[in-house]
Amino acid sequence: MQCNCSILGDETTREAIVVDPGDDIDEILAILARHQLRLQYIVITHAHIDHIGGAKKLKDATGAPIYLNERDIELYQMMGEQAHFIGTPTPEVTNVDVLLREGDEIRCGDIHASVIETPGHTPGSVCLLVPNSERMTLIAGDTLFRDSIGRTDLWGGNYRQILRSLKDKLLPLDDAVIVVPGHGPLTTVGREREHNPFLQAL
Ligand SMILES: [Zn+2]
């Protein structure tokens with residue numbers, strides 16, 4: 001699905017978080033096994049099929065609960081329509097276990113990831129801000145890309161809203177924060193502040 005899936009593991013407790021398991025669940029399970037990690041959280045930045053399509057399979061395989069913002073539940077229930085739109089078979093859907101909210105902290109060993117609501121690409125889009133020993137990392141879903149931002153012409157997308165999220169929630173972050181976008185190469189907040197054409201007007 002060409003979606004960037006992130007796997008965060010604590011080296012001491014061997015607990016892990018998987019963010020955005022769109023597909024390739026066997027590969028994700030192999031990586032968890034190779035690093036002897038036990039999955040504790042399946043976190044979804046937003047309910048587009050390429051980010052959430054494999055969530056049920058991963059939950060079935062590991063027992064880990066699924067975390068998603070409430071405002072994307074409706075979109076998750078439209079999996080048939082989304083699959084049709086991109087021309088793939090419809091993945092099975094399961095229950096979301098925990099509703100993510102602004103300011104929630106996901107604790108996994110020494111990893112403390114905080115939830116930032118960034119509506120616009122979808123109504124329930126969130127980013128995860130993950131401090132680590134060296135630099136802060138932002139898992140941005142499809143809100144911010146290198147040189148671009150998420151499209152807002154699909155179900156529930158809102159261009160003014162994504163611009164407001166970027167301005168109010170992401171641009172205040174430090175330049176050094178590493179950005180892991182939902183698609184494409186990594187970048188930093190500073191690089192996007194300077195070069196991303198969508199952020200210049202903000
Ligand atoms: Zn998306």
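Index from 1, following the sequence. Read the numbers this way: they start at 1 and go in the same order the structure lists the ligands and their atoms. Bear in mind the structure is a predicted one, so any value in this text is a computation, not a measurement. Just the heavy atoms: all of them, side chains too, but no hydrogens, waters or symmetry mates, feed the values below.
Residue contacts to the Zn ion (ligand 1): His121 brings an N, O or S atom closer than 2.8 Å.
We find that Lys169 and Glu117 are not joined by a salt bridge, their nearest charged nitrogen and carboxylate oxygen being 4.0 Å or further apart. Between Glu92 and Lys57 there is no salt bridge, since no side-chain N of the basic residue sits under 4.0 Å from a carboxylate O of the acidic one.
Looking at His48, its N, O or S atom nearest to the Zn ion (ligand 1) turns out to be ND1. The nearest N/O/S atom of His46 to the Zn ion (ligand 1) is NE2. Residue-level check: among N/O/S atoms of Asp142, OD2 sits closest to the Zn ion (ligand 1).
For the side-chain hydrogen bond (donor to acceptor under 3.5 Å, both in side chains) with Asp142, the qualifying choice from His46, His48, Arg151 is His46, the only one to do so.
For Asp50 and His183, the side-chain atoms include at least one donor-acceptor pair closer than 3.5 Å.
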